[in-house]
Amino acid sequence: MNAANVWLIPFAPLIASLSILLLGKSRRAIASAPAIAGQVIALTMSIFAFARTLRAPGYREVHNFVWFNFGDQSMQLGWMIDPLAAAMLLMITFVGLCIFVFSIGYMADDKHFTRFFAYLSFFSAAMLGVVIANSLLLLFICWELVGLASYLLIGFWIERPSAAAAARKAFITTRIGDMGFFLGILLLYHKSDTLLFYDNGHGCLENAGLLLLGASATAIALLIFCGAVGKSGQFPLHVWLPDAMEGPTPVSALIHAATMVAAGVFLVARLYPIFSAGAINGVTTSLTIVVWIGVITGLIAALIAVAQFDIKRILAYSTVSQLGLMMVSLGVGGVTAGMLHLLAHGFFKALLFLGAGSVIHGAHHEQDIRGMGGLRGAMPITFATYAAGMMALSGVPLVFCGAWTKEEILHAAWRWPVSHVPFYLVMLGVVLTALYMTRQMIYVFDGKRGPAAHESPRVMTTPLIVLAACTVVLSVFLTPAWPWLDHYLLGERAHVDLWKIFDQTILISLLLVGAGIGLGVFFYREALRGRRQDPFQTAQPALFRFLANRMWLDELYDYTVIRAARMLSRIADWLDRYFWDGLVRLVGLLGQLFGIITKTADERGINSGVDETTVGARGLGRVVSSAHSGQIQTYLGAIGLGMLALLLLYAWLA
């Protein structure tokens, strides 16, 4: 699978999506088959593309072509294969395949089963297009297709007002970020005359292109980062992501694990040379802003998650928090650490969301964790796999992949020369993550038995088992003893060093995770005895209400931005109805008046004058014509009279 053919990877699920739409509702029994087949084909080709990058460290292959010409210039697009793209392709297609299989059981009774799989395949195709793009324009096109797919899937149950509102909120909020992204693209093209990333030394990410950016690199990076803020749910545009839970649970898994939210982090990683242009000790203005946005996002989301009761909403805020952590890593220079956490997060967050879907399915569509409890015995497979995902997300060391990636991020944050504050806040975020995930596990699986529940069917539990195994197996390639994946992304060869596994930072990870889990068990032990009242809510009702209501950020936006937008829309409506419409009507009336004047002048002035002149000329013609009778004597008489008149005139003059 070379670069010239890598477009076939997103093309497979795209064709699957189109073919499913042609089936119609009557063929729902086989609707999932094209989707699964398209994803399997994409995964197979991704494996071949990944194998191609193993030929040499730092392997990169690009294929560029002319899209269209304008004047003496041409607009080029292209696609590429490199370690970053290949690793993302594997994660997206593999995790996506697990989600597709899970959806067969989860959506089995849904009347729009066919349309659901068409949208899933379209979503996968769009995200794969983002990954393989060697042109910022092509990336932006696929980026917008990802936004469209998310709109369709979040609002899949469009008959629900909450789902329709969530879809609109996601679409509009991300468009705000995308406007900045688009302006960044225009400014980049203005400065470098190309949107290709790599083009034989002349791409915008290569030295020649970066030199052309000059001082504009910071503005370009920040504008492009606006798009990442929107897609990856960073503060202050994070408010759409928790509401996206209105879509079916497999959609939540796909958005939060493998596709949409991963796009923003991937974008910053891909364009990191622009963000780091002109860096001093690895620090630039744009990267510093990325760090602080990530810190704020991660901490806010982790705090809000502690006070949520919807099982999916807790995981949603967890995603926001982890994305903030990735942004911190990218901003402090730990690009590889951030991408490793993104890849690992794709596996264990998909596991957690699918596990939540299994819980909801087995608990008769209950989503409030206070209405659950004691599901460990009724759903043993879901419990075991969910526990694996919880420990991976919390960062339990040695066995689960999330521990190693978080440790790398802590290393990178500690080395940041600007400040150690992000390092300490990231540590706090690690503790909070372990705390709220322990709280969720206690409410859902321990304590007093809730309503009767049952284990999910095999088509749903098999993907859970596979993803749980991946969270363990992946840790083998992330361990400091053999950091193969780390060196693969860096374009280096990995070496085995068993002593590094006993690095002192692993003790810090143990302490942080242990503190979080310990505090969770300590604070929520009453839930083990069947008590439904949250102890945090009892101890600090005002603070709990503040966090439960998402720090009133949605209300703040409603009272400020949204009200201002409504006011501007009313002003625009008034201007349109009364000012501009009145002005148009006035111009119209003036036109009618001018028409009346010209008509009157034409009919009563010009036409009448012409008519009278014609009548006079006709009368004169009759008089003249009557004189031409043809009689000689008449002509001689006229001559005589004429001569007499001349003689009289002569006599008078003389």
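Heavy atoms only: backbone and side chains are in, while hydrogens, waters and symmetry mates are out.
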Going by side chain to side chain contact (heavy atoms under 4.5 Å, CB included), name the residues that satisfy it together with [X], two or more places apart in sequence or in a different chain.
{"X": "Leu222", "answer": "Thr218, Ser286, Ile289"}
{"X": "Leu54", "answer": "Phe50, Trp484, Tyr488"}
{"X": "Ala219", "answer": "Leu187"}

Going by atom type alone, with no hydrogens or angles, which donor-acceptor pairs under 3.5 Å involve a side-chain atom of residues 465-474 and a protein atom two or more places apart or on another chain?
{"unit_1": "Thr471", "atom_1": "OG1", "unit_2": "Ala468", "atom_2": "O", "d": "2.5"}

Please tell me if the side chains of [X] and [Y] come closer than 4.5 Å, counting only heavy atoms from C-beta onward.
{"X": "Phe235", "Y": "Val320", "answer": "no"}
{"X": "His63", "Y": "Asn134", "answer": "no"}
{"X": "Met80", "Y": "Arg270", "answer": "yes"}
{"X": "Ser329", "Y": "His341", "answer": "no"}
{"X": "Cys204", "Y": "Phe197", "answer": "yes"}
{"X": "Leu271", "Y": "Leu136", "answer": "yes"}
{"X": "Trp292", "Y": "Pro422", "answer": "yes"}
{"X": "Asp199", "Y": "Val62", "answer": "no"}

Point-to-point distance, once rounded to the nearest 0.5 Å, from [atom1] of [X] to [atom2] of [Y]:
{"X": "Leu425", "Y": "Ser419", "atom1": "CG", "atom2": "OG", "answer": "8.5 Å"}
{"X": "Thr194", "Y": "Met75", "atom1": "OG1", "atom2": "CE", "answer": "8.0 Å"}
{"X": "Asn281", "Y": "Trp416", "atom1": "CG", "atom2": "CH2", "answer": "12.5 Å"}
{"X": "Met91", "Y": "Leu343", "atom1": "CE", "atom2": "CG", "answer": "5.5 Å"}
{"X": "Ile185", "Y": "Ile224", "atom1": "CD1", "atom2": "CD1", "answer": "6.5 Å"}

Taking all non-hydrogen atoms of both residues, which atom of [X] and which atom of [Y] are closest, and how far apart?
{"X": "Ser74", "Y": "Val66", "result": "CB-CG1, 3.9 Å"}
{"X": "Pro10", "Y": "Leu128", "result": "CB-CB, 3.8 Å"}
{"X": "Gln39", "Y": "Ile92", "result": "NE2-O, 3.7 Å"}

Identify, with sequence neighbours excluded, every residue that meets ring-ring contact (aromatic ring centres under 6.0 Å, His included) alongside Phe348. His345

Should the ring pair Phe225 and Phe275 be called parallel, tilted or perpendicular, given that the plane angle runs from 0 to 90° and is split at 30 and 60? perpendicular

Sequence neighbours left out, what passes side-chain hydrogen bond (donor to acceptor under 3.5 Å, both in side chains) with [X]? Give chain and number order.
{"X": "Asn5", "answer": "Asn2"}
{"X": "Tyr198", "answer": "Arg60"}
{"X": "Tyr119", "answer": "none"}
{"X": "Arg415", "answer": "none"}

So, using salt bridge (Lys or Arg N to Asp or Glu O under 4.0 Å) as the criterion, who are the partners of [X] when residues are at least two apart?
{"X": "Lys231", "value": "Asp178"}
{"X": "Glu61", "value": "Arg52"}
{"X": "Glu206", "value": "none"}

Start with the C-alpha gap between Leu267 and Phe181, add the side-chain angles, then the distance that decides, and say whether side chain to side chain contact (heavy atoms under 4.5 Å, CB included) holds. CA-CA 11 Å; Leu267 176 67; Phe181 186 7; 3.9 Å; yes

With side chain to side chain contact (heavy atoms under 4.5 Å, CB included) as the test, would you mind laying out the steps for Leu138 and Cys142 before giving the verdict? CA-CA 6 Å; Leu138 178 60; Cys142 296; 4.3 Å; yes

Centroid separation under 6.0 Å, is that true for the rings of Trp404 and Phe477? no

Around atom CZ of Phe48, are there more than 12 heavy atoms from other residues, nucleotides or ligands closer than 6.0 Å?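 Open.
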
Before giving the answer on side chain to side chain contact (heavy atoms under 4.5 Å, CB included), spell out for Thr433 and Leu325 the whole-Å C-alpha distance, their side-chain angles and the decisive distance to 0.1 Å. CA-CA 11 Å; Thr433 301; Leu325 191 64; over 6 Å; no

